[in-house]
Amino acid sequence: MEKPVYLGNDTAGCYLKNKCIEYLEGKGIPYVDCGSEEDPDIEKTRYPFFAAKVAKAVATGEARCGVLICGTGIGISMVANKFKGIRAGLCSSTYDAVMTRRHNNANILCMGGKTTGEWIAIEMLDAFLNTGYDAGFHEGSLNLITEMENLMMNDQIWCEEPRKISTGPLADAELFDRSKG
């Protein structure tokens with residue numbers, strides 16, 4: 001059975017979350033809605049509660065991936081990225097959604113409910129769900145993130161000097177425009 005996509009939002013992201021749910025239902029993709037409804041009690045609908053639910057599900061492998069939506073997507077992505085193993089990418093274009101998957105192996109898509117139109121949100125969600133990770137050259141960066149997390153989650157500070165992390169020729173890296181192909 002396919003793992004579900006977990007969705008979380010505060011009140012500012014409620015409309016866009018519901019549009020994402022319509023998309024997922026239309027594609028037959030299982031999902032879990034951990035988000036807020038439009039509730040006038042702002043204290044109960046603050047984004048950290050919902051970001052934590054989604055990030056936990058993704059970090060523990062319960063979820064295929066996550067989608068988080070607050071007013072701008074900024075706050076909710078900050079909370080999600082506090083969880084070990086989470087790579088939450090705030091996206092505002094389809095290109096962003098593709099590249100955050102291809103280069104960063106992002107596992108949570110973050111969007112702004114007040115800054116993102118519903119059509120671009122659906123395009124980004126589709127791209128996020130259907131784009132694979134390129135690996136290769138990008139593994140070096142993700143390995144550094146893991147190294148950083150392992151230290152910082154144990155109350156240490158990661159402060160490394162730049163060092164060579166890939167021994168392959170520069171041509172293998174395809175650094176400048178990975179969107180071709």
Side-chain angles (χ1 to χ4, degrees), residues 3-10 12-13 17 31-32 34-36 42-93 95-116 124-125 127-129 131-168 170 172-176 178:
K3 289 183 183 180
V5 173
Y6 272 61
L7 297 103
N9 63 284
D10 64 5
K17 175 201 63 181
Y31 68 90
V32 174
C34 315
S36 168
I42 194 68
E43 289 305 312
K44 289 202 280 192
T45 61
R46 291 190 181 273
Y47 61 81
F49 296 119
F50 307 106
K53 287 180 184 180
V54 172
K56 177 183 178 256
V58 173
T60 61
E62 186 178 330
R64 167 184 174 182
C65 64
V67 176
L68 290 172
I69 308 165
C70 67
T72 62
I74 296 168
I76 212 158
S77 66
M78 288 178 172
V79 174
N81 280 313
K82 299 289 184 192
F83 285 72
K84 188 174 183 176
I86 294 301
R87 291 173 307 282
L90 173 57
C91 297
S92 59
S93 72
Y95 182 78
D96 291 347
V98 167
M99 298 313 282
T100 197
R101 286 288 305 128
R102 288 180 71 184
H103 287 193
N104 309 113
N105 200 18
N107 48 22
I108 297 179
L109 170 65
C110 299
M111 298 184 275
K114 293 185 176 187
T115 60
T116 307
M124 287 192 298
L125 178 57
F128 190 82
L129 294 175
T131 301
Y133 173 50
D134 285 350
F137 173 79
H138 305 291
E139 284 295 306
S141 296
L142 293 188
N143 290 340
L144 288 172
I145 291 171
T146 300
E147 179 183 316
M148 179 187 302
E149 280 180 335
N150 288 335
L151 281 172
M152 295 180 79
M153 295 289 176
N154 290 303
D155 294 327
Q156 297 178 43
I157 300 295
W158 188 85
C159 187
E160 295 289 323
E161 290 296 318
R163 63 185 188 272
K164 188 173 183 177
I165 57 173
S166 175
T167 57
L170 185 59
D172 288 347
E174 299 175 45
L175 287 174
F176 299 105
R178 305 276 293 159

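The heavy-atom pair separating Cys65 from Val58 by the smallest distance is C-CG2, 3.6 Å. A pairwise comparison of heavy atoms in Tyr47 and Cys70 identifies CB-CB, 4.2 Å as the closest pair. Val54 and Gly8 make their closest contact through CG2-N, 3.5 Å (heavy atoms, listed as atom of the first residue, atom of the second, distance). The two residues Ala97 and Ala127 come nearest to each other via the heavy atoms CB-CB, 4.2 Å. The shortest non-hydrogen separation linking Phe128 to Gly66 is CE2-O, 4.2 Å.
Ring geometry for His138 versus Tyr133: interplanar angle of 30 to 60°, hence tilted.
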Item to check | Step-by-step side chain to side chain contact (heavy atoms under 4.5 Å, CB included) determination, Val32 to Lys53 | outcome: CA-CA 10 Å; Val32 174; Lys53 287 180 184 180; over 6 Å; no
Next on the checklist: Determine whether Arg46 and Asp10 satisfy the following criterion, side chain to side chain contact (heavy atoms under 4.5 Å, CB included), listing intermediate values before the conclusion.
Outcome noted: CA-CA 6 Å; Arg46 291 190 181 273; Asp10 64 5; over 6 Å; no
Next on the checklist: What verdict does the side chain to side chain contact (heavy atoms under 4.5 Å, CB included) test give for Thr115 and Ser92, after you've listed the backbone C-alpha separation in whole Å, the side-chain angles of each residue and the deciding distance to 0.1 Å?
Outcome noted: CA-CA 8 Å; Thr115 60; Ser92 59; over 6 Å; no
Checklist entry - Taking it one step at a time, do Ile69 and Ile76 satisfy side chain to side chain contact (heavy atoms under 4.5 Å, CB included)? => result CA-CA 7 Å; Ile69 308 165; Ile76 212 158; 5.8 Å; no
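Taking the side chain as every heavy atom from C-beta outward, Val5 and Val67 approach each other to under 4.5 Å.
No donor-acceptor distance shorter than 3.5 angstrom exists from the side chain of Asn104 to the backbone of Ala106, with no hydrogens or angles considered.
Rounded to the nearest 0.5 Å, atoms CG (Asn143) and CD1 (Ile145) are 9.5 Å apart. Atom CZ of residue Arg87 and atom CZ of residue Arg101 lie 8.5 Å apart, to the nearest 0.5 angstrom. The line from OH of Tyr6 to CD of Glu62 is 3.0 Å long, rounded to the nearest 0.5 Å. The distance from the CG atom of Leu109 to the OG1 atom of Thr100 is 8.0 Å, given to the nearest 0.5 Å. The OG atom of Ser36 lies 7.0 Å from the NZ atom of Lys17; values are rounded to the nearest 0.5 Å. Residue Ile86 holds its CD1 atom at 4.0 Å from CD1 of Ile108, rounded to the nearest 0.5 Å.
Residues that satisfy the side chain to side chain donor-acceptor pair (under 3.5 Å) test with Ser93, not counting sequence neighbours, are Asp96.
Annotation: side chain to side chain donor-acceptor pair (under 3.5 Å) contacts involving residues 70-85, sequence neighbours excluded, comprise Lys84-Asn150.
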